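One structure is given here, and the rest of the page talks about it.
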Amino acid sequence: VTDTDTLERTEEQQDTRLSSSLETPWRTVVWNDPVNLMSYVSYVFRSYFGFTREKADRLMLQVHTEGKAIVASGGREEMERHVQAMHGYGLWATLDRVES
Amino acid sequence: MAFKRGADGAIALKLSGAERSLLHGLETDLDGQLAAGSGDAELPRSLDRLFPDAYPDDAEASAEFRRFTETELVDHKRRNAATVLRALDTPGRRAIPITDEEAQGWLRSLTDLRLTLASRLGIEEDGDEGRMSWLDPNRQVYMWLGYLQETLVRAIEA
């Protein structure tokens with residue numbers, strides 16, 4: 001693999017990411033509730049989304065202190081799948097369109 | 001009186017006889033409420049918190065989301081309750097072995113129980129449970145379920 005190849009591939013990846021973010025302005029939001037344990041919420045973020053402990057804890061604390069956190073963004077169908085999964089875990093999740 | 005991952009690597013649940021029958025009753029009740037909403041029937045309002053609106057500002061889209069997801073979600077939740085009930089029906093008074101796969105059902109069903117109990121107790125915001133009487137048996141059950149779940153999260157990750 002040469003440097004040029006890598007550069008081109010990186011540009012391709014960026015293009016894909018850019019176009020998908022333009023076509024898919026949806027996001028999954030998890031809201032604070034007084035019932036779910038902090039350890040459980042962090043565990044769900046790690047096991048379902050594959051987040052690191054650091055990222056999962058940061059988002060969990062954001063839910064706790066700010067009332068909500070955006071945990072994913074992308075296509076509408078994908079976000080609906082995430083919301084359904086979160087409801088399966090008993091988390092209070094919604095989806096909405098990213099404000100442009 | 002909790003979940004623990006033993007030296008053999010397996011998760012086990014130790015409960016007293018009274019705790020076992022209490023949990024059995026709660027899960028049976030939860031499953032009955034979920035069953036009441038299967039098919040075309042509306043889910044009981046007591047389960048509202050288990051099936052929140054997916055679109056906070058769009059009632060129509062939320063209803064559409066429900067049409068496509070609710071049956072499957074009810075089914076999952078009933079299967080989780082069945083997993084718990086099956087374990088609690090294990091004969092004998094020894095610790096109940098729980099596989100890691102079953103533990104996932106336990107995690108979710110304990111959450112469903114706590115959410116329905118919290119609705120009944122009027123726990124709607126952080127700190128609400130602190131305002132209730134320590135002597136309220138429902139509050140004690142709610143706190144106990146939280147403790148159980150905390151030990152389960154720890155055991156799963158141990």
Side-chain angles (χ1 to χ4, degrees), chain A residues 25-48 50-54 56-57 60-73 75-99, chain B residues 47-58 61-62 64-66 68-70 72-77 79-80 100 103-105 107-119 121-131 142 145-157:
Chain A
W26 293 88
R27 60 189 184 182
T28 301
V29 181
V30 170
W31 299 79
N32 188 41
D33 73 70
V35 179
N36 281 307
L37 307 170
M38 293 166 94
S39 60
Y40 177 64
V41 175
S42 170
Y43 169 78
V44 170
F45 288 170
R46 272 176 281 140
S47 66
Y48 177 79
F51 294 158
T52 60
R53 180 177 282 274
E54 190 191 3
D57 283 351
M60 175 274 291
L61 283 171
Q62 196 185 341
V63 170
H64 187 66
T65 57
E66 294 173 30
K68 65 174 181 177
I70 296 154
V71 294
S73 54
R76 184 174 182 171
E77 274 185 36
E78 190 191 358
M79 295 307 108
E80 286 196 331
R81 271 202 305 281
H82 290 337
V83 167
Q84 188 183 359
M86 291 302 105
H87 292 177
Y89 280 105
L91 266 55
W92 179 16
T94 62
L95 69 154
D96 58 27
R97 217 184 250 280
V98 177
E99 292 149 36
Chain B
L47 298 181
D48 277 359
R49 178 53 189 84
L50 303 192
F51 304 91
D53 282 345
Y55 293 86
D57 304 317
D58 190 337
S62 291
E64 182 87 349
F65 180 86
R66 266 174 217 285
F68 285 108
T69 61
E70 199 168 85
E72 191 178 84
L73 204 49
V74 168
D75 192 46
H76 280 173
K77 288 179 185 296
R79 255 185 284 159
N80 294 334
D100 278 80
Q104 292 297 319
L107 261 187
R108 290 166 171 82
S109 208
L110 287 176
T111 302
D112 289 345
L113 278 186
R114 295 185 70 242
L115 289 169
T116 50
L117 202 50
S119 302
L121 292 169
I123 297 170
E124 284 165 5
E125 283 175 37
D126 281 342
D128 277 355
E129 79 272 17
R131 280 197 283 277
Y142 175 75
L145 289 172
Y147 165 76
L148 258 192
Q149 190 172 25
E150 186 80 56
T151 65
L152 180 55
V153 173
R154 253 180 249 171
I156 285 173
E157 300 203 281

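Values in this document were obtained by computation on a predicted structure and should not be read as measured data. So you know, we letter chains A, B, ... as the sequences are listed, proteins then strands, and number each from 1.
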So Leu152(B) and Tyr40(A), do their side chains get closer than 4.5 Å, heavy atoms only? no
Pick from Thr111(B), Asp58(B), Leu50(B) with the largest number of heavy-atom pairs that fall under 4.5 Å of chain A: Thr111(B)
Flag the one option from Lys77(B), Glu70(B), His76(B) with the top tally of heavy-atom pairs under 4.5 Å to chain A. Lys77(B)
Stepwise side-chain contact (heavy atoms from CB on, under 4.5 Å) check, Thr94(A) with Tyr55(B): CA-CA 6 Å; Thr94(A) 62; Tyr55(B) 293 86; over 6 Å; no
Interchain contact, Asn32(A) with chain B, by part (heavy-atom threshold 4.5 Å): side chain
Are any non-hydrogen side-chain atoms of Ser39(A) and Arg154(B) less than 4.5 angstrom apart? no
Run the ring-ring contact (aromatic ring centres under 6.0 Å, His included) test against His82(A) and tell me which residues pass, sequence neighbours left out. Tyr48(A), Phe49(A)
Please report the shortest heavy-atom distance between Val83(A) and Ala54(B), naming the atom on each side. CG1-CB, 4.0 Å
Structural part of Arg81(A) lying under 4.5 Å from a heavy atom of chain B: neither
Toward chain A, the part of Gln104(B) with a non-hydrogen atom under 4.5 Å: side chain
Please state whether the side chain, the backbone, both or neither of Phe65(B) comes within less than 4.5 Å of a heavy atom of chain A. side chain
Contact part of Asp57(B) toward chain A, heavy-atom cut-off under 4.5 Å: side chain, backbone, both or neither? neither
Can you measure from NE2 (His87(A)) to CD (Glu72(B)) and round to the nearest 0.5 angstrom? 13.5 Å
Which bit of Asp96(A) is near chain B, if near means a heavy-atom gap under 4.5 Å: side chain, backbone, both or neither? neither
Below 4.5 Å, heavy atoms only, C-beta onward: do Arg49(B) and Val35(A) meet side chain to side chain? no
Compare every heavy atom of Tyr142(B) with every heavy atom of Pro34(A), then report the nearest pair and how far apart it is. O-OH, 3.8 Å
Residue list, salt bridge (Lys or Arg N to Asp or Glu O under 4.0 Å) with Arg46(A), at least two apart or on another chain: Glu157(B)
Residue Glu125(B) versus chain A: region with a heavy atom under 4.5 Å: backbone
At a heavy-atom separation under 4.5 Å, does Phe68(B) approach chain A through its side chain, its backbone, both, or neither? neither
Heavy-atom distances under 4.5 Å only: say whether Leu117(B) touches chain A with side chain, backbone, both or neither. neither
